[in-house]
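Each remark here refers to the structure printed beneath this line.
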Amino acid sequence: PAMIAEAWLPLFLLVAGLGLGAACALAIGRLLREEWLEPLHAALAPLARWAPLLALVLALALPAFAPALYGGDGMPRLA
């Protein structure tokens, strides 16, 4: 379980980062009315639409992996 937990966290960060990046690119492109957005819109729109849901599903599993990631009771030690 510890190896799965260590692999799950980067996957969550990757999915969340891709979705946020796609949403930001779409927002900036629309705000500035840039022409470069048109060829990318077909790829960015579905990614920006589905990535938050996928990140949420992946985030729901993180508390189950917390003991393997942080040890003990699963709560990180701050000091």
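Treat the numbers as computed from the prediction; the structure is a model and nothing was measured.
- When every heavy atom of Ala25 is checked against every heavy atom of Leu44, the shortest pair comes out as CB-CD1, 3.9 Å.
- Considering only heavy atoms from C-beta on, Trp50 stays 4.5 Å or farther from Leu54 through its side chain.
- Shown here are the side-chain contact (heavy atoms from CB on, under 4.5 Å) partners of Leu18, two or more places apart in sequence or in another chain: Leu14, Leu47.
- In this structure Ala48 satisfies the side-chain contact (heavy atoms from CB on, under 4.5 Å) test together with Ala22, Ala23, Leu26, sequence neighbours excluded.
- Scored by the side-chain contact (heavy atoms from CB on, under 4.5 Å) test, Leu60 finds no partners at all (sequence neighbours excluded).
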